[in-house]
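In what follows, a structure is listed as structure tokens, so that the remarks can point back to it.
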Amino acid sequence: QVQLMESRGGLVQAGGSLRLSCAASGRTFRNYAMGWFRQAPGKEREFVAAISWGGDSTYYADSVRGRFTISRDNAKKAVYLQMNNLKPEDTAVYYCAAAMSFTTTLHDFGSWGQGTQVTVSS
């Protein structure tokens, strides 16, 4: 089992950047694929990005591809989401999550952080 906690969200102007962090605890962190999801008010939680346990494979939602970058540092037990050229429609609570294998399906992720708010103003 792995425990996750997001941080470094905040308020940013459209066109700006943020870098989200996800701190993990647990001896088997390296064995997990990781993902980022987001949920806007009144909407379902949606997939944003995923990375394999070794960091060699990544995948992005069409809405963020080319603007966001997911990365991980297994030595630090951390996952990051670099968000560039932010848009108002990116406003949401962002969650990091862990899965047993590389996947983009929400239900495959068994461990979740509590989320961090990202607000993009126009």
Side-chain angles (χ1 to χ4, degrees):
Q1 187 180 15
V2 62
Q3 295 78 46
L4 307 172
M5 182 170 63
E6 305 91 339
S7 64
R8 307 292 283 180
L11 174 65
V12 65
Q13 189 172 319
S17 298
L18 284 173
R19 186 174 186 251
L20 306 183
S21 296
C22 176
S25 62
R27 298 178 64 194
T28 60
F29 173 76
R30 181 178 173 83
N31 295 336
Y32 290 91
M34 300 295 297
W36 285 95
F37 293 77
R38 66 187 182 186
Q39 187 167 22
K43 296 186 177 181
E44 295 289 324
R45 191 171 301 184
E46 65 176 358
F47 169 78
V48 175
I51 187 167
S52 61
W53 65 266
D56 56 316
S57 298
T58 60
Y59 197 80
Y60 299 90
D62 290 342
S63 59
V64 306
R65 187 176 293 111
R67 299 188 297 121
F68 291 9
T69 302
I70 187 172
S71 61
R72 68 189 296 164
D73 186 334
N74 289 338
K76 296 181 179 179
K77 296 183 178 180
V79 183
Y80 308 99
L81 186 68
Q82 177 67 45
M83 305 185 294
N84 297 328
N85 191 25
L86 283 160
K87 305 175 180 180
E89 49 263 46
D90 295 319
T91 296
V93 176
Y94 282 71
Y95 301 87
C96 64
M100 295 176 61
S101 60
F102 186 55
T103 179
T104 63
T105 302
L106 186 149
H107 288 163
D108 289 337
F109 289 84
S111 299
W112 294 83
Q114 294 186 2
T116 187
Q117 177 70 46
V118 172
T119 302
V120 184
S121 64
S122 60

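The figures that follow rest on heavy atoms only: side chains count, while hydrogens, waters and symmetry mates do not. Nothing here was measured: the structure is a model prediction, and the numbers come from that model. All residue numbers in this chain count up from 1 along the given sequence.
Considering every non-hydrogen atom in both D90 and V120, the closest pair reads CB-CG2, 4.3 Å. Summarising the geometry of M34 relative to A98, their closest heavy-atom pair is SD-CB, 3.6 Å, with the distance given to 0.1 Å. Closest approach of A24 and V2 over heavy atoms only: CB-CG2, 3.8 Å.
The structure places CG of L11 at 9.5 Å from CD of Q117, a figure rounded to the nearest 0.5 Å. With values rounded to the nearest 0.5 angstrom, S71 atom OG is found 5.5 Å from R19 atom CZ. To the nearest 0.5 Å, the span separating CG on L4 from OG on S111 amounts to 6.0 Å. Distance CD/Q13 to OG/S122: 9.0 Å, rounded to 0.5 Å. Interatomic distance, N85 CG to M83 CE, rounded to the nearest 0.5 Å: 12.0 Å.
The pair D62-R65 meets the salt-bridge criterion, with a side-chain N (NZ, NE, NH1 or NH2) lying under 4.0 Å from an Asp/Glu carboxylate O.
Of the possible polar contacts, one joining the N74 side chain to the W53 backbone as a donor-acceptor pair under 3.5 Å is found. Judged by distance alone, with hydrogens and angles left aside, the side-chain atoms of T103 form a donor-acceptor pair with the main-chain N or O of T105 at under 3.5 Å. Not a single donor-acceptor pair under 3.5 Å links the side chain of Q39 to the backbone N or O of A92. A donor-acceptor contact shorter than 3.5 Å links the side chain of S52 to the backbone of S57.
For the side chain to side chain contact (heavy atoms under 4.5 Å, CB included) with L81, the lone residue among L20, L18, T116 that qualifies is L20.
Cluster partners of M100: none. The rule joins Ile, Leu, Val, Met, Phe, Trp and Tyr whenever side-chain heavy atoms lie under 4.5 Å apart, and it links nothing here. The hydrophobic cluster analysis finds M5 isolated: no Ile, Leu, Val, Met, Phe, Trp or Tyr side chain comes under 4.5 Å of it, directly or through other members. Residues F37, F47, V93, Y95, F102, L106, F109, W112 make up the rest of the hydrophobic cluster containing Y59, defined by ILVMFWY side-chain heavy atoms closer than 4.5 Å, directly or through other members.
Remark: E46 engages R38 in a salt bridge (charged side-chain N to carboxylate O under 4.0 Å, His left out) (not counting sequence neighbours). With sequence neighbours excluded, the residues forming a side-chain contact (heavy atoms from CB on, under 4.5 Å) with S21 are S7, R8, Y80, listed by chain and number. Under the side-chain contact (heavy atoms from CB on, under 4.5 Å) criterion, Q3 pairs with Q1, S25, not counting sequence neighbours.
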Worked check of side chain to side chain contact (heavy atoms under 4.5 Å, CB included) between R67 and Y60: CA-CA 10 Å; R67 299 188 297 121; Y60 299 90; over 6 Å; no
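In this structure, the side chains of Y32 and I51 stay at 4.5 Å or more apart for every pair of heavy atoms.
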